[in-house]
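Okay, structure first, notes after.
Remember, it's a predicted structure, so these values are computed and weren't measured experimentally. Counting starts at 1 for both ligands and their atoms, following the listed order.
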Amino acid sequence: MSDHAFSAEEREALYKAIFSRRDVRGQFAPAPVPEEVLTRVLTAAHHAPSVGFMQPWNFIVVRDPAVKARVHADFAQANEEAKALFEGERQTLYSRLKLEGIREAPVNLCITCDRERSGPVVLGRTHIPTMDLYSCVCAVQNLWLAARAEGLGVGWVSILHEDRLREALGIPERIVPIAYLCLGYVSYFHETPELEQAGWRNRLPLEDLVFRDRWGDRG
Ligand SMILES: Cc1cc2c(cc1C)N(C[C@H](O)[C@H](O)[C@H](O)COP(=O)(O)O)c1[nH]c(=O)[nH]c(=O)c1N2
C-alpha cells in the first residue's frame with residue numbers, strides 16, 4: 001500500500017460521500033444554512049482542479065425569494081417545453097417527476113465560468129477550448145460532495161433558458177452560467193437516484209463502459 005493512501009476509515013468516509021450523494025429536489029428543510037457551512041462548501045468548490053490553474057468560477061449565492069421566484073417561473077415554462085419533447089407514457093412519467101427545489105431550498109447557487117479570467121492563452125486550454133467549462137464542473141462536484149458530508153442536499157437544475165437565467169442574476173455576456181444549484185438541509189437522502197426509482201433509467205453496468213486500450217475493445 002502506498003504511504004500516501006488514506007487510512008481505511010478516511011477512505012470509507014470519502015466513498016460514503018461519493019456513493020450517498022444524491023440529486024435533491026423535494027425534501028429540503030427550511031432551516032437556514034449557516035454562513036460558515038456555506039463558506040466550507042464554497043471553499044471545497046474553490047479547491048477544484050482547473051485548467052492552467054485558471055480558477056474561472058464565480059459563485060452567485062441567491063437567497064432573495066423574488067430572485068428565486070423569477071428563476072422558478074422560467075423553470076416552469078422550460079419544463080412545459082421539455083415535457084412536450086417526450087411522447088406517450090414517457091411524457092406522463094416526465095410530468096410526474098419533481099425536477100427542482102428552487103423555492104424550497106434556502107440557498108440557490110449559480111456557479112459561473114469567466115472564460116477570460118487569465119487572458120486569451122491559457123496553459124492546457126490551447127487546443128481544446130472547452131477545458132475552462134469542464135473545470136467549473138469539477139468545482140460543482142467538489143461542492144456537491146462536501147455538501148453531502150455536511151448533511152446538505154444539492155440539486156442541479158438545468159431546465160432553464162440560459163438568457164433568462166442571465167437576466168435574473170445579472171450575469172454579464174462574457175460569463176457563462178454553468179450550474180444552477182439548490183442547496184439546503186434535507187429530511188433524508190434517497191438511497192438510489194430518483195430517476196432510477198421512478199423507472200426513468202437505471203445505472204449502467206460499469207463493465208459495459210470500460211474499454212481496454214481502444215474504443216470498443218474489452219480486452
Ligand atoms: C449537468 C447536470 C444537469 C442536471 C442534473 C445533473 C447533472 C450532472 N440533474 C440530476 C440528475 O438527474 C441526477 O444526477 C441523476 O439522475 C443521478 O442521480 P443522483 O445524482 O445520483 O441522485 C438534474 N436533476 C433534476 O431534477 N433537474 C435537472 O434539471 C437536472 N439537471
Suppose I only count heavy atoms of Val157 and a 4.0 Å limit; which atoms of ligand 1 are within that range?
28 (C), 29 (O)
So, regarding Glu100 and ligand 1 (criterion: nitrogen or oxygen to nitrogen or oxygen, under 3.5 Å), is there a contact or not?
no
Among the clusters formed by ILVMFWY side chains lying less than 4.5 Å apart, do Val62 and Leu183 turn up in the same one?
no
Which atoms of ligand 1 have any heavy atom of Ile159 under 4.0 Å away?
29 (O)
Which residue and non-hydrogen atom of the protein lie closest to atom 9 (N) of ligand 1, and at what distance in Å?
Trp156 O, 3.7 Å
Which residue supplies the protein heavy atom nearest to atom 18 (O) of ligand 1, what is that atom called, and how far is it?
Pro193 CB, 3.2 Å
Does Asp217 pair with Arg214 as a salt bridge, N-O distance under 4.0 Å?
no
Between Leu99 and ligand 1, is there a nitrogen or oxygen pair with a distance under 3.5 Å?
yes
Atom 11 (C) of ligand 1: of Arg21, Arg25, Glu194, the nearest heavy atom sits on Arg25
Can you tell me if Asp74 uses its side chain to pair, donor with acceptor, with the backbone of Leu160 under 3.5 Å?
no
Give me the residue, atom name and distance of the protein heavy atom closest to atom 21 (O) of ligand 1.
Arg22 NH2, 2.8 Å
Can you find an N or O of Arg203 that's nearer than 3.5 Å to an N or O of ligand 1?
no
Same apolar cluster: Leu109 and Ile159, side chain cutoff 4.5 Å:
no
When clusters are formed by joining ILVMFWY residues with side-chain heavy atoms under 4.5 Å apart, either directly or through shared neighbours, do Leu165 and Phe59 land in the same one?
no
Residue, atom name and distance, where the atom is the protein heavy atom closest to atom 13 (C) of ligand 1:
Asp23 CB, 3.8 Å
To the nearest 0.1 Å, how far is atom 16 (O) of ligand 1 from its closest protein heavy atom, and which atom is that?
Leu195 CD1, 3.5 Å
Just need the protein heavy atom nearest to atom 29 (O) of ligand 1, so name the residue and atom and give the distance.
Ser158 N, 2.8 Å
Relative to each other, are the rings of His72 and Phe75 parallel, tilted or perpendicular (30° and 60° limits)?
tilted
Taking the six-membered ring for Trp, are Trp144 and Trp156 parallel (under 30°), tilted (30 to 60°) or perpendicular (over 60°)?
tilted
Show which residues join Leu206 in its hydrophobic cluster (side-chain heavy-atom contacts under 4.5 Å, direct or indirect), or state none.
Val210
